[in-house]
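What follows is a short report on a single structure.
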Amino acid sequence: MISRDSTTVSPWQLKDIQEKKINSANHEKHQLFDVIIIGGGITGLTTGLLLQQQGKKCLIIERGNIGFGTTGGTSAHLNTFFDATYPEIESDFGKENSKLVAKAGKEAFSLIKKLTKDLNIGCDLEEKNAYLFAQDEKQSEELKEILDASKRAGVEVEQTDKINLPIPFQSAILFKQQGQFHPIKYIQKLAEAFEENGGVIVEHTFVNEVENKGGFVYAVSNHQIFKALHLVYATHAVPGVNSFSFKCAPYRSYVIGVTLNDEKYPKELVYDMMEPYHYFRTHVIEGQKYLLVGGEDHKTGQGDAENAFNTLESYVKQYFDVKDVAFRWSSQYYVPADGLPYIGQMPGEENIYVATGFNGNGMIFGTLSAIMISDEVLGKKNEFKDIFSASRIKPIAGFTELVQENANVAWHFIADRFNTEAISTLTEMESETGTVADYNGEKLALYKHKNGKVTILNPVCTHAGCIVNFNSVEKSWDCPCHGGRFDLEGNVLCGPPRKNLERKK
Ligand SMILES: Cc1cc2nc3c(=O)[nH]c(=O)nc-3n(C[C@H](O)[C@H](O)[C@H](O)COP(=O)(O)OP(=O)(O)OC[C@H]3O[C@@H](n4cnc5c(N)ncnc54)[C@H](O)[C@@H]3O)c2cc1C
C-alpha cells in the first residue's frame, strides 16, 4: 500500500496496486538540472513529464512517496465547472475571462485524455454526465444563474428533470463530457513515462529550504543540495511564510466509500448545492463497486473529524441501503481568496513557479498548471497566464473572503493562547488521545500512546506561530491558521511549515 499524509486510507492506496519502484534516485551527484519540481502529486508529475518530453532535464523531489499528498486522497472527478461558479467568475473577473477559464478547464481535461491514450494508462478514465441539483427556491435561483453563466462561458450544459439519484430535488442541470478516473494509477504511469524520458525522481526527501542566487536555484534537504536553472513548487501549499499563506485557506474534506445492498449505484456524477456540498459517484476498485460520497468540509484544525464522518454516513444512509462502509478518508485542499488558483511565476522570484489554491478542482487545475508552467519555462506564450497569474491583485474579487479568512487566523492566534484546559497530571489522559495543555505552567502538545508512553511537543506551529490542535481521526496535529499538519512525532505532514514541531520529550 502506498502511504499518504493522513492515517485514514483511500481506495487509491490499496495494497494490490504496486507501489511505484522509483529507480532513478541514484543520479549523478552535483548534477545541474534544468528544472527541479518539488512535489510528486498530479501537478508535479504532469509538469515534469511535459518538460522532460520537450527536452528539459528534470528532477522531481517528493517528501513521501508519489501520491503522498492530496492526489492520494482526492475523489478524482474531472470537471469543467468549478467550486468558483461561472456567475462568480463572471462577476469578479468579467465575461471574457469566464470563457477563458472554461477553455482552460477543457484543455486540461483534454491533456488528461491524451496522456491516458498515448501512454496507454489503465486508470479507469470514463467520461460521464454530471448533474447539479437544487433543493429549494434559493438554490434554484442560483442554479438558473449557473446554467446561464456556464452557457455563456462555453460549457455544454442544459436543464434536466432527472438526477438519477433517490434524493428529492426541485431543479437540476446537466453538464456534459465530465469524467472520473483512478488518480494513483494515472500518476504512477506519468512517473514511469517521466523516468523513461530521462527524468529523475527522488522520494522520501523533504526540501526544507530553497535558495535563489547567482542565476541558479538550490533545493536544500537535510542530506543533499540539488541545483537547477528553474524550480517549481508543485507542493499544493507553498512552503514558508509568503503571500500564499494569506491568500489560500486550508480545508479538510471527507469521503466515504460504501457498498449497497441493492444495485442503486449512480451511473453518473451528482452534486448537491448544500454548504458544504455533497457529491456522489461510483467506482469499481479491484472488482468491487463502491459508492463514493464526499463533503462535510471544515477549516483545518477547526472541526471534529469523527463527527464529520458520522454526519456523512448518516446522510448517505437516509437515501441509500448501505451494506458496508468500506472506506472513510480525509484530505486537504486550499481555497483561494478570489476563487481562482494561482499559477505561474512566484511574485518577486525569477525562475521559481507556483501552482496553488486549486480548491476541490486540482485534477484539472494541477494539469492546467503543468501546461502553463512548462510553457513559461520554455518561453512559450500561454493565453491563460494573466487570468491565473500568481501575482494578480484583485482588490474587489475575494476581498471579503480574504478579510474573513485573516480575521479567523488572527482570532486563533490570540484565543488559542488563553483557552486551553489546564491539566495537572498526565494520568488524566486516556491512551491514544492528544491534547494541548498548560502543564506546570508550560503549554505542551501531549499524546499518550497505547503503551502509556507520552510524546511531548511544543504546540507552536513552526510556520507562523499559531497553536496546533489534535486531529483524533488522522492522529495528527493540525494548525488552525494556515493548515500545517504534523504527525505524532512532530514531523511535517503537509501545508506550508518547513520545520518539524519542537520535540520536548
Ligand atoms: C477530499 C478531496 C476530494 C477532492 N476531489 C477532487 C475532485 O474530485 N476533482 C478535482 O479536480 N480535485 C479534487 N480535489 C482537489 C485535488 O485532489 C487537489 O487539488 C490535487 O490533488 C492537488 O494536487 P497537487 O499535485 O498540486 O498536490 P499534492 O497531491 O498534495 O502533491 C503535493 C506533493 O508535494 C509534496 N511536498 C510538499 N512540500 C514538500 C517539500 N517541502 N519537499 C518535498 N515534497 C513536498 C507532498 O508530500 C505532496 O505529495 C479534492 C481534494 C480533497 C481534499
Side-chain angles (χ1 to χ4, degrees), residues 2-3 5 17-69 71-72 111 115 118-119 121 183-236 238-239 346 349 351-355 366-367 369-379 498:
I2 66 157
S3 303
D5 62 12
I17 297 163
Q18 284 252 307
E19 181 167 353
K20 173 81 185 71
K21 292 277 173 283
I22 303 295
N23 301 318
S24 53
N26 292 331
H27 63 96
E28 199 187 307
K29 279 245 159 94
H30 312 299
Q31 184 176 0
L32 173 66
F33 290 92
D34 290 316
V35 190
I36 290 174
I37 296 140
I38 310 177
I42 190 166
T43 307
L45 285 159
T46 318
T47 307
L49 179 59
L50 292 189
L51 283 166
Q52 196 66 43
Q53 282 176 335
Q54 293 173 89
K56 293 289 173 192
K57 180 76 187 162
C58 299
L59 165 70
I60 295 176
I61 310 174
E62 165 56 49
R63 163 198 356 236
N65 45 248
I66 293 301
F68 185 75
T71 303
L111 178 63
L115 288 174
D118 290 355
L119 303 173
I121 309 181
I184 294 296
K185 286 184 181 173
Y186 178 72
I187 64 164
Q188 284 189 340
K189 274 285 183 186
L190 298 190
E192 268 177 46
F194 172 72
E195 285 185 315
E196 279 162 20
N197 277 274
V200 176
I201 299 177
V202 176
E203 292 185 302
H204 307 290
T205 301
F206 182 52
V207 175
N208 37 39
E209 210 55 68
V210 166
E211 281 182 54
N212 193 1
K213 59 175 186 201
F216 298 105
V217 192
Y218 300 86
V220 184
S221 81
N222 281 345
H223 310 291
Q224 239 179 309
I225 298 178
F226 305 92
K227 184 176 174 183
L229 298 172
H230 304 264
L231 182 137
V232 182
Y233 280 117
T235 46
H236 209 183
V238 183
M346 177 136 177
E349 295 279 1
N351 302 329
I352 298 189
Y353 310 88
V354 293
T367 306
S369 303
I371 299 172
M372 290 177 57
I373 292 174
S374 57
D375 278 355
E376 201 158 345
V377 168
L378 293 160
R498 289 187 140 134

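Values in this document were obtained by computation on a predicted structure and should not be read as measured data.
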Listed by chain and number, what are the side chain to side chain contact (heavy atoms under 4.5 Å, CB included) partners of Asp5, not counting sequence neighbours?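 Partners of Asp5 by the side chain to side chain contact (heavy atoms under 4.5 Å, CB included) criterion, ordered by chain and then number, come out as Phe68, Arg485, Leu493, Cys494.
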
Side chain to side chain contact (heavy atoms under 4.5 Å, CB included) with Ile225: which residues, sequence neighbours excluded?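 Scan of Ile225 (side chain to side chain contact (heavy atoms under 4.5 Å, CB included), adjacent residues dropped) gives Tyr218, Val220.
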
What is the distance from atom [atom1] of [X] to atom [atom2] of [Y], rounded to the nearest 0.5 Å?
X      : Y      : atom1 : atom2 : result
Asp118 : Leu111 : CG    : CG    : 9.0 Å
Ile373 : His230 : CD1   : NE2   : 12.0 Å
Leu50  : Asp375 : CG    : CG    : 8.5 Å
Leu231 : Ile38  : CG    : CD1   : 4.5 Å
Lys57  : Asp34  : NZ    : CG    : 9.0 Å
Glu62  : Thr205 : CD    : OG1   : 9.0 Å

Checking side-chain contact (heavy atoms from CB on, under 4.5 Å) against Phe33, which of Leu229, Ile60, Val200 comes through?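 So the option named by the test is Val200.
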
All side chain to side chain donor-acceptor pair (under 3.5 Å) counterparts of Glu196, not counting sequence neighbours: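 Once residues adjacent in sequence are excluded, Glu196 has no partner under the side chain to side chain donor-acceptor pair (under 3.5 Å) criterion.
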
Could you tell me which residues satisfy side chain to side chain donor-acceptor pair (under 3.5 Å) with Asn351, sequence neighbours excluded, listed by chain and number?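 Asn351: no side chain to side chain donor-acceptor pair (under 3.5 Å) contacts found.
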
So, for [X] and [Y], which heavy atoms are closest and what is the spacing to 0.1 Å?
X      : Y      : answer
Ile61  : Ala219 : CD1-CB, 4.1 Å
Ile121 : Lys185 : CG2-O, 3.7 Å
Cys58  : Leu51  : SG-CB, 3.6 Å
Leu59  : Phe194 : N-CZ, 4.4 Å

[X] (side chain) donor-acceptor with [Y] (main chain) under 3.5 angstrom:
X      : Y      : value
Ser374 : Ala370 : yes
Glu195 : Gly199 : no
Glu203 : Ile66  : yes

List, one per line, each side-chain donor-acceptor pair under 3.5 Å for residues 206-214, sequence neighbours excluded.
residue, atom, partner, partner atom, Å
Asn208, ND2, Asn222, OD1, 2.9
Glu211, OE1, Lys213, NZ, 3.1
Asn212, ND2, Glu349, OE1, 3.0
Asn212, ND2, Glu350, O, 3.0

Between [Y] and [X], is there a side-chain heavy-atom distance shorter than 4.5 Å?
X      : Y      : result
Thr367 : Leu115 : no
Met346 : Val238 : yes
Val217 : Ile36  : no

List in chain and number order the residues that pass ring-ring contact (aromatic ring centres under 6.0 Å, His included) with Tyr186, two or more places apart in sequence or in another chain; answer none if no residue qualifies.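 Partners of Tyr186 by the ring-ring contact (aromatic ring centres under 6.0 Å, His included) criterion, ordered by chain and then number, come out as Phe181.
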
Between side-chain atoms of residues 39-47 and protein atoms elsewhere (two or more places apart, or another chain), which donor-acceptor pairs fall under 3.5 Å?
residue, atom, partner, partner atom, Å
Thr46, OG1, Ile42, O, 2.5
Thr47, OG1, Thr43, O, 2.6

Derivation of the side chain to side chain contact (heavy atoms under 4.5 Å, CB included) call for Ile2 and Gln188: CA-CA 11 Å; Ile2 66 157; Gln188 284 189 340; 4.0 Å; yes

